[in-house]
Enquirer: 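This structure is in structure tokens; I'll ask about it shortly.
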Amino acid sequence: VLGVFGVLGVFGWWVTTDETKPVANARIYAIEARYAWVDVLGYETITGSEGIYEISNLPLGEYTIVVAESGYVQEFYQNSHYLSLFTPVEVRPPMITTGIDMNLDLEGLVSGQVIDEKTGEPVKNAFVHLLPLGTRDAYTWGIVLRNEDDGRFSVGMLPPSQYLVSVRVEGFADEIYDHKPGWDTADLLDVKPGSEVGDVTVRMRKGGLVTGHLFDEHGKPLEGFLVDIQLPDTDHASAMPGHTNPKHTQHTQHTNTPNT
């Protein structure tokens with residue numbers, strides 16, 4: 001189908017990486033590249049029985065092609081699981097842009113529970129953060145979710161990777177799984193395509209409290225400064241590029257006002 005008045009199409013076929021078989025009824029989106037970071041769905045279509053798709057009536061320009069389907073990892077063209085690493089697809093006259101094929105990984109899953117280490121009771125409203133290794137974008141974003149009232153959490157559509165896990169919840173000290181002082185010593189979860197890492201128990205400890213006063217050299221109280229509390233031995237670099245002082249628990253707070 002040739003474009004009319006500068007309107008063209010994109011087509012390709014979509015296969016899984018495990019058995020190289022076509023996937024039917026999968027959703028494919030074409031999003032203008034300049035809007036890729038915005039919550040805009042753009043143009044969409046569904047693959048046919050042989051995994052072939054076509055998106056027509058696209059205005060001229062560059063596009064992000066993304067596939068999202070249950071049971072698979074979200075995929076950006078060309079073979080990237082992360083938005084910042086996508087390859088733009090150019091739609092220009094007088095030809096249709098062809099060969100935009102996608103190879104998918106089966107999803108990985110992680111599930112577990114957050115509990116109070118002392119009582120064994122579930123801890124709810126915890127933010128569970130999974131950081132996959134291996135790409136710059138993964139270091140920047142990762143996956144963050146809030147657990148259920150029974151303390152349980154579950155996340156799917158994970159790319160195959162090794163994952164670091166941290167948990168933050170009010171009333172407890174930040175936890176890097178499993179009771180490790182920093183990212184470079186954390187226990188890793190090895191997530192493989194089509195498999196689940198289950199029964200991950202994150203044991204939370206009650207947080208401590210440090211108080212004090214900050215004065216200048218003349219004994220005058222200082223207001224509005226940030227105080228950073230670190231664990232010992234934080235002077236060497238992190239195993240995760242882009243993170244500063246990875247071993248401290250990030251309880252950075254404003255100092256008290258002078259009259260308190």
Side-chain angles (χ1 to χ4, degrees), residues 107-135 137-159 161-191 195-214 222-257 260:
E107 68 173 342
L109 300 98
V110 170
S111 62
Q113 187 178 31
V114 181
I115 65 170
D116 184 321
E117 182 180 57
K118 186 175 182 179
T119 67
E121 293 296 316
V123 175
K124 63 181 181 179
N125 295 324
F127 287 97
V128 181
H129 192 186
L130 285 83
L131 280 169
L133 300 179
T135 71
D137 188 73
Y139 294 133
T140 306
W141 299 105
I143 301 100
V144 180
L145 66 148
R146 179 174 281 183
N147 70 344
E148 304 293 337
D149 287 347
D150 62 359
R152 298 192 178 278
F153 62 90
S154 179
V155 58
M157 296 187 70
L158 295 176
S161 183
Q162 291 185 311
Y163 286 79
L164 302 122
V165 180
S166 67
V167 176
R168 173 169 290 184
V169 62
E170 186 176 356
F172 292 87
D174 289 357
E175 166 68 9
I176 297 177
Y177 184 78
D178 186 17
H179 285 339
K180 295 301 189 294
W183 295 119
D184 53 351
T185 58
D187 289 353
L188 301 178
L189 304 183
D190 191 11
V191 176
S195 66
E196 179 177 3
V197 178
D199 298 324
V200 178
T201 302
V202 182
R203 298 165 293 135
M204 305 300 294
R205 295 169 172 171
K206 292 291 184 180
L209 177 66
V210 176
T211 64
H213 294 83
L214 184 63
L222 297 176
E223 179 182 2
F225 281 75
L226 294 176
V227 178
D228 190 29
I229 301 174
Q230 299 185 359
L231 291 173
D233 190 25
T234 60
D235 56 348
H236 61 274
S238 168
M240 296 184 61
H243 285 74
T244 306
N245 290 332
K247 289 195 171 185
H248 72 251
T249 54
Q250 298 175 358
H251 297 296
T252 304
Q253 302 180 8
H254 289 281
T255 60
N256 292 333
T257 56
T260 56

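This structure is a prediction, so every number in the text was calculated from the model and none was measured.
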Enquirer: Would the distance check show the side chain of Gln113 and the main-chain N or O of Asp150 forming a donor-acceptor pair, the cut-off being under 3.5 Å?
Expert: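 Here the side-chain-to-backbone pair exists.
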Enquirer: Between Asp116 and Met204, does a side-chain contact (heavy atoms from CB on, under 4.5 Å) hold up when you go through it step by step?
Expert: CA-CA 5 Å; Asp116 184 321; Met204 305 300 294; 5.8 Å; no
Enquirer: Is there a donor-acceptor pair under 3.5 Å between the side chain of Ser154 and the backbone N or O of Ser111?
Expert: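 The answer is no, because no donor-acceptor pair under 3.5 Å joins these two groups.
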Enquirer: For the residue pair Val128 and Val165, establish whether any side-chain heavy-atom pair is separated by less than 4.5 Å.
Expert: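 A side-chain contact exists here, since the closest heavy-atom pair is under 4.5 Å.
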Enquirer: Compare every heavy atom of Asp149 with every heavy atom of Pro122, then report the nearest pair and how far apart it is.
Expert: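 The answer is CB-O, 4.5 Å.
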Enquirer: I'd like to know whether Phe172 forms a side-chain contact (heavy atoms from CB on, under 4.5 Å) with Val123, so could you lay out the CA-CA distance, the side-chain angles of the two residues, the decisive distance to 0.1 Å, and finally the verdict.
Expert: CA-CA 10 Å; Phe172 292 87; Val123 175; 3.9 Å; yes
Enquirer: Would you check if Leu145 and Leu130 make a side-chain contact, meaning some heavy-atom pair closer than 4.5 Å?
Expert: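 When only atoms from C-beta onward are counted, Leu130 and Leu145 do touch, with a gap below 4.5 Å.
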Enquirer: Where the side chain of Asn147 meets the backbone of Asn125, is there a donor-acceptor pair that is under 3.5 Å apart?
Expert: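 The answer is yes, because a donor-acceptor pair under 3.5 Å joins these two groups.
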Enquirer: What's the spacing between Ile143 CD1 and Met157 CE if we round to 0.5 Å?
Expert: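 So the CD1 of Ile143 and the CE of Met157 are separated by 11.0 Å.
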Enquirer: May I ask you to test the Asp178-Arg203 pair for a side-chain heavy-atom distance under 4.5 Å?
Expert: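 Yes, side chains in contact.
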Enquirer: With side chains defined as the heavy atoms from C-beta onward, is the minimum distance between Leu133 and Leu188 less than 4.5 Å?
Expert: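 Yes; the side chains approach each other to less than 4.5 Å.
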Enquirer: Does the side chain of Arg168 reach to within under 4.5 Å of the side chain of His129, using non-hydrogen atoms?
Expert: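 No, too far: nothing below the 4.5 Å cut-off.
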Enquirer: What pair of heavy atoms forms the shortest contact from Leu109 to Gly156, and how long is it?
Expert: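 Residues Leu109 and Gly156, closest heavy atoms: CG-CA, 4.0 Å.
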Enquirer: Which atoms form the tightest heavy-atom contact between Pro159 and Val191, and what is the distance?
Expert: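 What the structure gives for the nearest pair is O-CG1, 4.3 Å.
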Enquirer: Just wondering, are more than 12 heavy atoms of other shown residues or ligands nearer than 6.0 Å to CD in Glu117?
Expert: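 Yes, CD of Glu117 has more than 12 neighbouring heavy atoms, counting only those of other groups under 6.0 Å.
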Enquirer: Does the side chain of Tyr177 come within less than 4.5 Å of Leu189's, by heavy atoms?
Expert: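 Answer yes - side chains close enough.
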Enquirer: Could you tell me which residues satisfy salt bridge (charged side-chain N to carboxylate O under 4.0 Å, His left out) with Arg146, sequence neighbours excluded, listed by chain and number?
Expert: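 Counting only residues at least two positions away or on another chain, Arg146 forms no salt bridge (charged side-chain N to carboxylate O under 4.0 Å, His left out).
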Enquirer: Is there side-chain contact between Leu131 and Trp183, with at least one heavy-atom pair below 4.5 Å?
Expert: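 Touching, per the 4.5 Å side-chain cut-off.
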